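Below, each value reflects all heavy atoms present in this structure, side chains not excepted, and no hydrogens, waters or symmetry copies. Lettering follows sequence order; numbering is per chain, from 1. These numbers come from a predicted model, not from an experiment.
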Protein chains: 2
Amino acid sequence: MKRKTTSDSAPASPVATRKTAQSAVTKEDVARAAGVSHITVSRVINTPDKVAPETRAKVQSFIASMGYIPNLLAGGLASKRTRIIAAIVPTISHSIFAETVRGLSEQLSAQGYQLLLGQSNYSEDAETALVEAFIGRRVDGLVLTGVQHTERTRQRLKTANIPVVETWDLTPEPIDMLAGFSNHGAGRAMGDYLQQRGYRRMAFVGGEDPRGQSRFSGMRDALLAHALEAPLYLTVPFGSFLSAGREAITMILEQHAEVDAVFFSNDVIAAGAVLECQRRHIQVPQRIALAGFANLDIAPEVHPALTTVQISSLQIGQTAAQMLLARLAGEGVDDPVCDLGFSVVPRASA
Amino acid sequence: MKRKTTSDSAPASPVATRKTAQSAVTKEDVARAAGVSHITVSRVINTPDKVAPETRAKVQSFIASMGYIPNLLAGGLASKRTRIIAAIVPTISHSIFAETVRGLSEQLSAQGYQLLLGQSNYSEDAETALVEAFIGRRVDGLVLTGVQHTERTRQRLKTANIPVVETWDLTPEPIDMLAGFSNHGAGRAMGDYLQQRGYRRMAFVGGEDPRGQSRFSGMRDALLAHALEAPLYLTVPFGSFLSAGREAITMILEQHAEVDAVFFSNDVIAAGAVLECQRRHIQVPQRIALAGFANLDIAPEVHPALTTVQISSLQIGQTAAQMLLARLAGEGVDDPVCDLGFSVVPRASA
DNA sequence: GTGAAAGCGCTAACAC
DNA sequence: GTGTTAGCGCTTTCAC
C-alpha cells in the first residue's frame, strides 16, 4: 500500500489538502519535481556540502523556480530548535532600549538567529504572559530586562530549561546569565558628582520602574553619606517623556524652590526640563542644575548640553546575544555575569 | 500492537526523547495524569465549553500544577493557523512608526493574535528577506510599510496567499489591502501652506525613503503651481536625526542664504534644526521658517513650536489590524483601501 | 551521496 | 461529552 498516488478520482491539481491558506509548495513537491527524495531537498537547504554538486544545483533551481519556502514550524517541531531568540523590553518605542535591541539583533542575525521582540510596558505580569507565549513558540533563548520578575516567570523559565540573560541591572542571584550594570551605583555616582559640584538640595525624577528606583536609592545613599538631605522623589507617568519633564521641573521650581539640582531617570525627561527652563529663561545650571541618564542622542543637543550617565546599552545587547549563542553552541560561557559599568558624562547642565 | 508502553528496558523517567532542551510536558502527559484522552486536554484549552465542567476543572488543575505550556509550533503545523501577524517597519527605534505599531499591537492582542515585528532599515531587499522569513514561520497575515516593494516580495506574497496590508502611503495598485494617506498630498499641502504664508524660496530635507520623496515631489508641485522655484532637495543619513537636522540647517544657512523656509521629512530632524537656530540666535520663522512632519511628541515642545503635518499613525495600525482580522475571520472587508488623510498643524515655527 | 522509516506535539474529522 | 485515527511538513537515525 503505497502512499499518495491519488490517481483515481481527484482533480489533477497540486493535491490541496485542507485549507490552501499557505504556500502549498512542500519539500515533497520540490523533491518530486527534481526527481530526488524529500530528504535530499532538506540537505540541500541545511547541509549543502553533503550533497553532490550536481544534485544540489538541480534541486536549488527547482527550489527557486517553484518558490519553495521551508515550513519553519515543521522544522522547529522536528528539530526542537527554532533559531528564535526572544527579548522582552519595557518599551520598544522610546529610545532608551533601542541600542540594546540593535546590539542583540545584529549579533543574532549574523548567526542565523532571529529576534522576537516583546514589550512589557513595565508590567511584571505582562512579562510573565510574554514569557509563556514565547516558551509556547519554543524560542531557543530569552533576554529579559531587569532582574525583578514574578515567581511564575522564574518557574516557567526553570522548567522550560532554556538559556536566559537578564539585562540592565545587577543581582547576586540571576536566573541564569546576566549582562548589565549597577543602577544603584549609577545613582550614587551622580549623587556624588552633583554633591561635589556644590549642589546641596536635590531631587530625583523618574518613572516607577525598579531600575529607576535603584538609581534613586543610590543617589540617596550618596547624599546621606555626605550629610545632605535625601533627595526629593518625584514620579512621572510613562508616555510623553518630554512633557513629563516640563511638568516635573515646573512643579519643582514652583513648589520646591530650595532644590538646586535634579537628576532625571532618562535623558528625554531631562531634555523636556531643559526646554522648559529655556522657555522660562531660567538659568541652567545657575538657578538649578539638571542631569539625565543614558546619554541618548538628545543629551548633547539641548542647550545647555545635558550632564548624564553613559551606560553601555549596545554592549548589553551584544553581550547578551553572545552569551546565548555560546550556550546554544554547547560552549561554556566563561562568566555568566557581566558587569558592563557606566560613567558620568559632565556637560554644561550640571 | 499498542503504542508506547516501553515497559521493557527503558529507565522509568518521563521518556526523555532527544534533547531535553524544552519543557518536556506535553498534552499527552497532562492527559495521562488527568485520566482523560489527549484530545480532551486540547479542548479544555481551545474550546473549554465543549467539555464537561467537571472534566474541565480537573484537567485545568493538572495543566496548572504540571506547568504545561502548549507547543504552538505543533498547533500551528496541524491547524495551519499561527495567530501571528507580522509587521515590517523601516525602523522600530525611531518614534515615527511607534504609534502605528501600538495601534496594531493593541488591536491584535485583543483578538488573541500576536504581533511579530521586523525592521527593514529602509531597505527593500531586507524587506524581502523578512517577508520570506515570516512566510516560513507561517504568519497569518502581514503588514508592510509603504507601497514600494521588490518584485520578489510581491511574488512571495502572491503565492503565500495570506492577507496583506500596505500602509503609510497610497497606490492605485495595492498588493491586497491598504491603510495610509497621500504623502504627495501632504507635501503639496505643506508647500501650499508655506507659500500662502509668504515664503518664496524653500528647501526640503529628508531621508531617502520613497515616502519622503513623494512628499518632496508634492511640495515641488505646489510651488511650481504657484510659479515659485522648485525646492532645494537635501538628504540626510538615517541615524541621529537631531544632529542631522542641526547639520542640515547649518548647511542651508551658510550655503543657501536665500532659503526662507524648510520642510523637514520628520519632526525630529526639524527639532534638531530648531535647536540649532536657537543656539545661534537665529530668528524662527523671521529669518527662516521651519516645518516638520508627523506631529510627534517633540513638535510642540521645542521653541518656537513646530508647524507640522498631522497624520493618523495610530489609526493606520488599528485599521490595518482590523482589515486583517476581518479577512481572517472570513468576513469581507468593505473597502480594501482606506485613506486616513492628514492635516497641516500651524504653530509658531512657520 | 542518498533514501526509508519513524516521530516531533498538535488539531481536524469523524466516530461513539 | 469524549475518544480514535490520520495527518501537518519537517528532521533524525540508520541503512545502503
Side-chain angles (χ1 to χ4, degrees), chain A residues 1-4 6 14-32 34-59 68-83 135-138, chain B residues 1-4 6 14-32 34-59 68-83 135-138:
Chain A
M1 194 172 109
K2 280 283 174 63
R3 291 168 59 204
K4 191 176 289 180
T6 35
V15 199
T17 8
R18 265 166 284 194
K19 303 177 184 180
T20 342
Q22 298 284 4
S23 88
V25 183
T26 90
K27 263 191 177 46
E28 200 82 51
D29 297 331
V30 176
R32 227 181 341 249
V36 297
S37 109
H38 173 173
I39 188 68
T40 301
V41 179
S42 196
R43 279 199 267 260
V44 168
I45 289 167
N46 298 319
T47 52
D49 29 65
K50 289 189 176 176
V51 175
E54 215 170 295
T55 323
R56 190 197 314 157
K58 188 173 57 180
V59 171
Y68 169 63
I69 297 184
N71 185 330
L72 267 23
L73 255 31
L77 181 59
S79 70
K80 300 192 172 305
R81 293 184 309 107
T82 53
R83 297 201 152 257
I135 292 176
R137 307 268 178 213
R138 297 304 187 259
Chain B
M1 192 171 111
K2 283 282 172 66
R3 290 168 59 204
K4 192 175 287 178
T6 35
V15 200
T17 8
R18 266 166 282 191
K19 305 177 185 181
T20 342
Q22 299 285 5
S23 88
V25 183
T26 90
K27 264 191 176 45
E28 199 82 52
D29 298 330
V30 176
R32 228 181 339 249
V36 298
S37 110
H38 175 171
I39 191 68
T40 300
V41 180
S42 194
R43 280 198 267 258
V44 167
I45 290 168
N46 298 319
T47 52
D49 29 64
K50 291 190 176 175
V51 175
E54 213 171 298
T55 324
R56 191 197 313 157
K58 186 172 59 179
V59 171
Y68 169 63
I69 298 184
N71 185 331
L72 267 23
L73 255 32
L77 180 60
S79 69
K80 300 192 173 307
R81 293 184 310 107
T82 53
R83 298 201 154 255
I135 292 176
R137 305 270 176 212
R138 297 302 187 260

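- A donor-acceptor pair is defined here as one N or O able to donate and one able to accept, closer than 3.5 Å; such a pair exists between the side chain of A:S79 and the backbone of A:G75.
- Side chains of A:T82 and A:L72 form no contact here, defined as non-hydrogen atoms less than 4.5 Å apart.
- One interatomic measurement links the two molecules: CG of B:L77 to C1' of D:dC8, which rounds to 4 Å at whole-angstrom precision.
- The interatomic distance linking B:E28 (CD) with C:dT11 (C1') rounds to 13 Å, in whole Å.
- One interatomic measurement links the two molecules: NZ of B:K27 to C1' of D:dT2, which rounds to 16 Å at whole-angstrom precision.
- Where B:A74 and A:N46 meet DNA chain D, the nucleotide closest to each residue was compared, and B:A74 sits on the side nearer the 5' end.
- Between B:R138 and A:L73, the shortest heavy-atom contact is CB-CD2, 3.8 Å.
- Residues A:N71 and A:T26 fail the side-chain proximity criterion, which asks for heavy atoms closer than 4.5 Å.
- At whole-Å resolution of the value, CG in B:N71 and P in D:dC8 are 18 Å apart.
- The separation between B:R81 atom CZ and C:dG9 atom P is 21 Å, rounded to whole Å.
- In this structure, of D:dG9, C:dC8, C:dT11, it is C:dC8 that holds the atom nearest to the side chain of A:K80.
- When the side-chain nitrogen and oxygen atoms of A:S42 are compared with OP1 and OP2 of D:dT11, one or more of them lie within a distance under 4.0 Å.
- Residues that satisfy the side chain to side chain contact (heavy atoms under 4.5 Å, CB included) test with B:S42, not counting sequence neighbours, are B:K27, B:I39, B:N46.
- Applying the side chain to side chain contact (heavy atoms under 4.5 Å, CB included) test between B:V51 and each of B:D49, B:T47, B:T55 identifies B:T55 as the sole match.
- Rounded to whole Å, the distance from CD1 on A:I45 to P on D:dC10 is 8 Å.
- Between the P atom of D:dT2 and the NZ atom of B:K58 lies a distance of 9 Å, rounded to the nearest Å.
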- Do A:I45 and A:Y68 pass the side chain to side chain contact (heavy atoms under 4.5 Å, CB included) test, and can you show the C-alpha distance, the side-chain angles, and the key distance before you say yes or no? CA-CA 11 Å; A:I45 289 167; A:Y68 169 63; 3.5 Å; yes

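- Put simply, A:Y68 has no side-chain N or O that comes within less than 4.0 Å of OP1 or OP2 on D:dG9.
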Can you name the atoms? Protein N/O to nucleotides 2-5 of chain C N/O, anything below 3.5 Å, with the distance.
| unit_1 | atom_1 | unit_2 | atom_2 | d |
| --- | --- | --- | --- | --- |
| C:dT2 | OP1 | A:T55 | OG1 | 2.5 |
| C:dT2 | OP2 | A:A52 | N | 2.9 |
| C:dG3 | OP2 | A:S37 | N | 3.1 |
| C:dG3 | OP2 | A:T40 | OG1 | 2.4 |
| C:dG3 | N7 | A:R43 | NH2 | 2.6 |

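- At whole-Å resolution of the value, CG in A:L73 and P in D:dT11 are 12 Å apart.
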